[in-house]
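Heads up: the structure comes next, in structure tokens.
Predicted model, so just to flag it, every value in this text is computed and none were measured.
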Amino acid sequence: KHEAEELEEGEEEDAELFPEMLSFAQTADMGVRENYEKLLTLVDMDSLIEYYCAQTYLARQGDWPNSNWAAWRTRENEHTAYGDCRWRWMLFDENSSGIGKKNIAHDSVFHLLGNDIFFPFLLRSNEFRERFVTALMDMGNIVFAKERVNDWIDAYLARMGETLTYSQERFYGGNKDASDLEEAADEIREFFEKRQPYVEKSLKETLELTGEVTELTVTVRIEGEDGDDPLLTDALLVNGHNVRLRDGGYTGRYFSDFPVELTVRDEKRGFRFVGWEGDFTSEESTLRIVPSNEAGTRLCAVFARTSLKE
């Protein structure tokens, strides 16, 4: 855990391993495939990309990323999923800046590019660039989708609202009638309702993307029937994310510069995947497409009912 140049937590001996990895990333051209592949043996790139994208979407700034960051790795290879001696990143201190009305339009990709010690060098890799852009778009499409955020806030307030109100009154002189809490919750809702277009603008301008943002809509239907089935609401993966099909469909926004990967769960008992129809057709359960239609790209995953014996 680092605060600027000071190691706040951890052992100095272990911390020396980090600059060795960083130096390689900064001096070896990440645009060369062999160099990037070597870096993948030192860094869990999924972890780093998710970390960058979460912080960027949340408009993290101020004391980040030049300080207030944390990373970890095992000392020895334990030959387990996370015990492989690769560096992984951690979120912390998210309350210092970010989510709020004043930061909705923050140019966060530009901020990251100008202040991070790692990010500019990684962008030389086309693979990293594609994965970063796609993952950041999915922060708005899936991870921090306003419907999902609102559902979470409602559930959290129902469970913790009274406790938070007493805490606010005790430590910060807030109102016991919970008006401060409600105002803070409304500000968070507004941030996530309005944030996505500004993230798209920051991506396009900072990374000089040539494509445009287009909507991708995926629906599900059962062959020979009208409507869908509740059992299929979790039948779709988008770029590896589980998505819940609201009203029988999913809609996300993507740059036409890069492909989107769609996968159906064809192991659903009582259903058999038939194929894709719409702007793209295929019988494969996984489909990799580049949304490019100005009017939006539409696809439908078609299933057929089977007997339970199948």
Side-chain angles (χ1 to χ4, degrees), residues 1-10 14-32 35-73 86-100 103-140 143-144 195-196 198-209 255 257-258:
K1 180 178 174 182
H2 278 261
E3 297 284 350
E5 298 300 320
E6 179 184 351
L7 179 66
E8 186 176 300
E9 295 181 18
D14 297 333
E16 292 175 2
L17 298 171
F18 190 87
E20 291 177 9
M21 176 275 295
L22 179 62
S23 176
F24 173 73
Q26 292 174 332
T27 56
D29 184 358
M30 290 296 107
V32 177
N35 292 337
Y36 185 72
E37 287 181 347
K38 180 178 179 180
L39 185 65
L40 295 180
T41 67
L42 305 174
V43 170
D44 182 338
M45 201 57 70
D46 288 336
S47 170
L48 181 56
I49 289 173
E50 289 176 3
Y51 171 79
Y52 275 148
C53 289
Q55 297 282 60
T56 300
Y57 200 90
L58 297 176
R60 190 78 165 80
Q61 51 192 283
D63 55 8
W64 183 88
N66 55 330
S67 64
N68 246 7
W69 56 268
W72 70 277
R73 51 155 283 186
R86 292 192 298 166
W87 288 100
R88 292 174 171 87
W89 277 254
M90 298 181 287
L91 292 173
F92 75 97
D93 204 16
E94 294 300 307
N95 63 335
S96 62
S97 64
I99 304 171
N103 295 318
I104 290 173
H106 185 255
D107 193 353
S108 299
V109 182
F110 180 80
H111 175 78
L112 177 62
L113 181 63
N115 292 278
D116 192 65
I117 56 177
F118 211 175
F119 186 69
F121 303 96
L122 294 173
L123 282 177
R124 295 173 182 171
S125 164
N126 290 332
E127 179 180 328
F128 175 86
R129 187 184 185 88
E130 175 183 326
R131 292 184 61 191
F132 173 77
V133 172
T134 303
L136 186 51
M137 293 299 285
D138 277 336
M139 286 288 156
V143 180
F144 296 124
R195 177 64 172 154
Q196 189 167 10
Y198 294 102
V199 173
E200 294 170 3
K201 182 176 184 291
S202 183
L203 268 173
K204 184 172 178 62
E205 294 180 354
T206 303
L207 301 188
E208 299 180 345
L209 302 179
F255 279 97
D257 301 74
F258 304 116

- Looking at CE of M45 and CG of L39, how far apart are the two atoms once the value is rounded to the nearest 0.5 Å? 4.5 Å
- Task: May I ask you to test the T56-M139 pair for a side-chain heavy-atom distance under 4.5 Å?
- Result: no
- Query: To the nearest 0.5 Å, what is the distance between CH2 (W89) and CH2 (W72)?
  - Reply: 11.5 Å
- Task: Report yes or no: does R195 contribute a side-chain atom to a donor-acceptor pair with the main-chain N or O of I104 at less than 3.5 Å?
- Result: yes
- Nearest-0.5 Å distance, CG of residue L22 to OG1 of residue T27: 9.0 Å
- If we only count heavy atoms from C-beta on, is the P65 to L112 side-chain gap below 4.5 Å? yes
- Tell me, do N68 and R60 make a side-chain contact under 4.5 Å, heavy atoms counted? yes
- Query: Are more than 12 heavy atoms from other residues, nucleotides or ligands located less than 6.0 Å from atom NZ of K38?
  - Reply: no
- Message: Side chains of F255 and M137, heavy atoms from C-beta outward: is any pair under 4.5 Å?
- Response: yes
- Using a 4.5 Å cut-off on heavy atoms from C-beta on, say whether the side chain of V109 contacts that of L136. yes
- Query: Do M30 and F128 come close enough that some side-chain heavy atom pair is under 4.5 Å?
  - Reply: no
- Message: Strictly distance-based, threshold 3.5 Å: is any side-chain N or O of H111 a donor or acceptor partner for the main-chain N or O of A59?
- Response: no
- Message: Could you measure the distance from the CG atom of D138 to the CD atom of E50? Nearest 0.5 Å is fine.
- Response: 11.0 Å
Atom pairs and distances, side-chain donor-acceptor, residues 116-123, under 3.5 Å, sequence neighbours left out:
from: D116; atom 1: OD2; to: Y52; atom 2: OH; distance (Å): 2.4
from: D116; atom 1: OD2; to: F118; atom 2: N; distance (Å): 3.0
from: D116; atom 1: OD2; to: F119; atom 2: N; distance (Å): 2.8

- Item | S108 side-chain N/O to Y57 backbone N/O, donor-acceptor pair under 3.5 Å | no
- CG (L113) and OG1 (T206) are apart, to the nearest 0.5 Å, by 7.0 Å
- Task: Could you tell me whether the side chain of N35 and the main chain of D29 form a donor-acceptor pair under 3.5 Å?
- Result: yes
- Query: Has F258 got more than 12 heavy atoms of other residues, nucleotides or ligands less than 6.0 Å from its CZ?
  - Reply: yes
- Note on the structure: One should read off an interatomic distance between L209 CG and E200 CD, to the nearest 0.5 angstrom, of 11.0 Å
- Query: What are the two closest non-hydrogen atoms of Q61 and N103, and how far apart are they?
  - Reply: NE2-OD1, 3.0 Å
- Do F132 and L207 touch side chain to side chain, with heavy atoms closer than 4.5 Å? yes
- Which heavy atom in R124 sits nearest to a heavy atom in Q26, and how many Å separate them? NH1-O, 4.3 Å
- Plane angle bin for W87 and F18 - parallel if under 30°, tilted between 30 and 60°, otherwise perpendicular: perpendicular
